[in-house]
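A short worksheet on the structure shown next.
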Amino acid sequence: MIVEQLYTNCLAEAAYYIESEGEAIIIDPIRETEPYLQKLEERKAKLKYVFETHFHADFVSGHIDLAKKTGATIVYGPKADTVYNTYSAKDGEEFQLGKIKIRVLHTPGHTLESTCYLLFDENGKDFCVFTGDTLFVGDVGRPDLLDGVMSKEELASMMYESLNNKLKPLADDVIVYPAHGPGSSCGKNIGKETWSTIGQQKQMNYYMREMDKDKFIDMLTTGLSTPPAYFFEDAKINKQGYDNVDEVVKRNLKSLSVADVKTAIANDAIVLDTREANDFEKGFIKGSINIGLNGQYAIWVGTLIHIEQPLVLITEKGKDHEAVMRLARVGFENIIGVLSGGIESWKAASEPLETIKSIEAEEIPAYCEKKSYCVIDVRKQGEWESGHLKNATLFPLSDLWADMDKLNKDEKYVIHCAGGYRSMTAASMMRSKGFNNVVNVYGGFSKIKTAGLPLEEEATV
């Protein structure tokens, strides 16, 4: 028996490969099929099933393309109605795979069709459970993603029953394999580990402790951030089907000239610059948004940019395919193309470039006291509450578009995040909206702490 977690950092997403006696199952695959096809070929295994834990909201699953290429059957749990052909499993139904079997545990709460899969080893012992977005390490799936179909309180009530009746009764040594790790917006505060055990979760996961239903519902429905708009679009795509990913990538990899890019900008395309922040700041096309490939690129694009917005990509040499594929993972397919030769082509054409200044953390006091800059912290609320710079103001990056009207374009701003990735994205967003006096902080809050600047821990915004 082989059980392997296939983790994609860009999406904070975990797919799983299970094999026994030459038969294989893949659970919650990401959109591109090549990694799974390669593994099947290397193992000389035949894919029997593609299991889906639910209609994913944060990425487009690869189940349809994978099933077409291998002949495998797509399996969902109860209440999963799709346009394409799937097998709808019953609660408690078991599937044989070589010498092992997997039992369906219908666990509504995150969504109505949410399902966990309990794996029994060759000796019939319950070995691990694939919990999808029902149970994470230190958290559970958010109950507010059905877009008006049901209230978050109704789904939270279902989550309570699912945890207490389906997951808590499992043995403490059963391994918990969730669909997401830290950085995913599918939970409120997912822990840093990507797997755990039922026993550990009973001890450290607040939602797995004993409490009455009303208290559980109140806790689960309080403090939910606004879900990214693309979540509802991706869930719809996963339910209704999609174009073949290979065709999408080929279509979106169109090579653009400088003239093509200028025409696209004139027609309201956004220039998405995928280079690292330290390269972007030295020279970029006016109006560009910097979301680097070196971070959770796809998640932030999906959070900050509308899924139907036309995009022109600026990439480092050899990174164009990756930039397009990672957008396809979250359903972004309206890509006009990629600037041929990258930013160097723009320079060679003598087109104007803009820059953003960055400073060291030690320089912040001088900018605030002598140059009248205000400090903006673009981390998440939870990060802010654990410690922040005195006299800073919290503007989480995910909410910055909506909150930008609270800022004054005549003011001057120092912007920081935790490490420098999100702050450059924020700075580029502000510059695109006419905020000309913005300064980024190298290394973000990690450098601010070591610089010995005055900090506060109270959660005041």
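The basis for the numbers below is simple: all heavy atoms, side chains too, and nothing from hydrogens, waters or symmetry mates. The structure presented is a predicted model; accordingly, all values stated were derived computationally and were not measured.
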- Query: Out of Thr115, Asp133, Thr111, which residue meets the side chain to side chain donor-acceptor pair (under 3.5 Å) rule with His54?
  - Reply: Asp133

- Query: If you measure from CG on Leu6 to OG1 on Thr8, what distance do you get to the nearest 0.5 Å?
  - Reply: 7.5 Å

- Message: Between Lys357 and Glu281, does the salt bridge (Lys or Arg N to Asp or Glu O under 4.0 Å) criterion hold? Intermediate values first, please.
- Response: CA-CA 7 Å; Lys357 181 178 177 60; Glu281 69 178 15; over 6 Å; no

- Message: If you define the side chain from C-beta out and look only at heavy atoms, does anything of Tyr17 sit under 4.5 Å from Leu40?
- Response: yes

- Hey, are Glu385 and Gln381 close enough side-chain-wise for a donor-acceptor pair under 3.5 Å? yes

- Item | Passing option when Tyr297 is tested against Arg329, Arg326, Glu322 for side chain to side chain contact (heavy atoms under 4.5 Å, CB included) | Arg326

- Residue pair Lys188 / Leu224, side-chain heavy-atom distance below 4.5 Å: yes

- Ion pair check, Lys69 and Asp246, cut-off under 4.0 Å: yes

- Do His63 and Tyr84 come close enough that some side-chain heavy atom pair is under 4.5 Å? yes

- Query: Aromatic rings Phe51 and Tyr49: how do their planes relate, parallel, tilted or perpendicular, breaks at 30° and 60°?
  - Reply: tilted

- Item | Distance in Å, Ile314 CD1 paired with Asn290 CG, rounded so as to fall on 0.5 Å steps | 11.5 Å

- Query: Taking side chain as C-beta onward, heavy atoms only, is Val129 less than 4.5 Å from Leu167?
  - Reply: yes

- Query: Going by atom types alone, do Tyr206 and Gln201 pair a side-chain donor with an acceptor below 3.5 Å?
  - Reply: no

- Would you tell me whether Ser162 and Thr107 have side-chain atoms, one donor and one acceptor, within less than 3.5 Å of each other? no

- Item | Atom pair CG/CD1 of Leu453 and Ile448 - distance to nearest 0.5 Å | 6.5 Å

- Does the side chain of Leu397 come within less than 4.5 Å of Leu304's, by heavy atoms? yes

- Message: Is there a salt bridge (Lys or Arg N to Asp or Glu O under 4.0 Å) between Asp65 and Lys68? Walk through the geometry before answering.
- Response: CA-CA 5 Å; Asp65 283 345; Lys68 286 179 179 178; 5.1 Å; no

- Determine the interplanar angle of the Phe59 and His180 rings, folded into 0 to 90°, and report it as parallel if under 30°, tilted if 30 to 60°, perpendicular if over 60°. perpendicular

- Task: Answer with yes or no after comparing the ring centroid distance for Tyr367 and Tyr373 against a 6.0 Å cut-off, counting only values under it.
- Result: yes

- Flag yes if more than 12 heavy atoms outside Lys48 fall under 6.0 Å of its NZ atom; otherwise flag no. yes

- Answer yes if the side chains of Thr53 and Asp28 hold a donor-acceptor pair under 3.5 Å, and no otherwise. yes

- Query: Would the Phe55 and Tyr76 ring centres measure less than 6.0 Å apart?
  - Reply: yes

